[in-house]
Amino acid sequence: MEPRLPEIPEGGSWAKVIGILGIVFGGGALLLGVIGVVGQNFTLQQYEAMGITKEVLAQHALFLNAVPIVSLALGFLLLLGGILLVMKKPVSRTILLIWAMLKIAFALWQAPLALAFQKDLMPLQQKMLAKGDAKTPDLSAIMETMGPIFQIISVLWLCALPIFMLIWFMRARIRMQVSGWAMAEQNAGNR
């Protein structure tokens with residue numbers, strides 16, 4: 001008689017719900033990443049048409065070039081993790097944990113770059129506003145205060161789902177359920 005392994009709860013509908021959430025957000029991020037990468041030349045041309053010099057664009061090349069590519073890769077990773085989670089594949093937990101850590105690092109990395117780019121755009125935006133009305137107030141002081149606040153809100157927004165995923169998948173009960181999927185796969189393969 002073989003020893004019986006402890007009963008591991010299979011899990012309710014959480015895998016499907018979180019998996020679909022990953023598919024929706026991952027698909028959206030993937031689509032935006034593709035648009036960002038494909039439309040990169042068009043975006044740069046628009047910035048130049050607005051009067052942004054090539055020197056300013058070159059100074060922010062890392063931000064302008066890397067963000068769409070990293071967004072594309074992170075969107076793919078989240079989409080893949082979501083699909084595998086719906087299928088209750090144990091590797092989904094690892095993929096989603098990796099995605100969450102990379103997404104948080106990405107959010108923290110891109111925020112100061114976005115703020116620096118916005119600061120360099122401010123004089124041009126101010127000049128464009130002043131063309132239509134000579135009484136246009138100076139917005140640089142307002143943006144100097146609001147820019148960092150917007151970036152903090154942006155980082156919090158970008159980190160919300162990754163933090164949830166980290167907390168959720170680190171729970172002992174969830175780890176047990178996911179390992180139960182691995183054992184179920186292994187038992188199905190042995191039949």
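To the nearest 0.5 angstrom, L74 atom CG is 11.5 Å from I98 atom CD1. Between the CD atom in E55 and the NE2 atom in H60 there is a gap of 12.0 Å [rounded to 0.5 Å]. A distance of 9.5 Å separates OG of S13 from CD1 of I18, quoted to the nearest 0.5 Å. To the nearest 0.5 Å, atom CG of residue L97 and atom CG of residue L102 are 11.0 Å apart. The distance from the CG atom of L31 to the CG atom of L79 is 11.0 Å, given to the nearest 0.5 Å. Rounding to the nearest 0.5 Å places OG of S92 at 5.0 Å from CH2 of W181.
In this structure Q40 satisfies the side chain to side chain donor-acceptor pair (under 3.5 Å) test together with N65, sequence neighbours excluded.
Using bins of under 30°, 30° to 60° and over 60° for the plane-to-plane angle, the ring pair F117/F63 lands in the tilted bin.
Side chains of L62 and W109 form a contact here, defined as non-hydrogen atoms less than 4.5 Å apart. When side chains are defined from C-beta on, I20 does not count as touching F25, because their heavy atoms never get closer than 4.5 Å. Using a 4.5 Å heavy-atom cutoff, the side chains of T94 and F169 are not in contact.
Using a 4.5 Å cut-off between side-chain heavy atoms of Ile, Leu, Val, Met, Phe, Trp and Tyr, with links allowed through other members, V24 and F76 fall into the same hydrophobic cluster. Follow the hydrophobic side-chain contacts under 4.5 Å out from M170 and you reach I104 in the same cluster. With hydrophobic clusters built from ILVMFWY side chains whose heavy atoms lie under 4.5 angstrom apart, F106 does not share a cluster with L32. Note on V37 and L57: same hydrophobic cluster, where clusters join Ile, Leu, Val, Met, Phe, Trp and Tyr whose side-chain heavy atoms are under 4.5 Å apart, directly or indirectly. Linking Ile, Leu, Val, Met, Phe, Trp and Tyr residues whenever their side-chain heavy atoms come within less than 4.5 Å leaves I35 and L64 in two separate clusters.
Closest heavy-atom contact between A29 and G75: CB-CA, 3.7 Å.
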Got a list of side-chain donor-acceptor pairs under 3.5 Å for residues 161-168, not counting sequence neighbours?
none

Exercise answer: donor-acceptor pairs, residues 146-160 side-chain atoms, under 3.5 Å, sequence neighbours excluded:
none

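Residue L72 is tested with V67, V34, V38, L77 for a side chain to side chain contact (heavy atoms under 4.5 Å, CB included); the sole match is V34.
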Side chain to side chain contact (heavy atoms under 4.5 Å, CB included) between W99 and L80, intermediate numbers included: CA-CA 10 Å; W99 168 81; L80 177 64; over 6 Å; no
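Using a distance-only test at 3.5 Å, with no hydrogens or angles considered, no donor-acceptor pair links the side chain of R93 to the main chain of V178.
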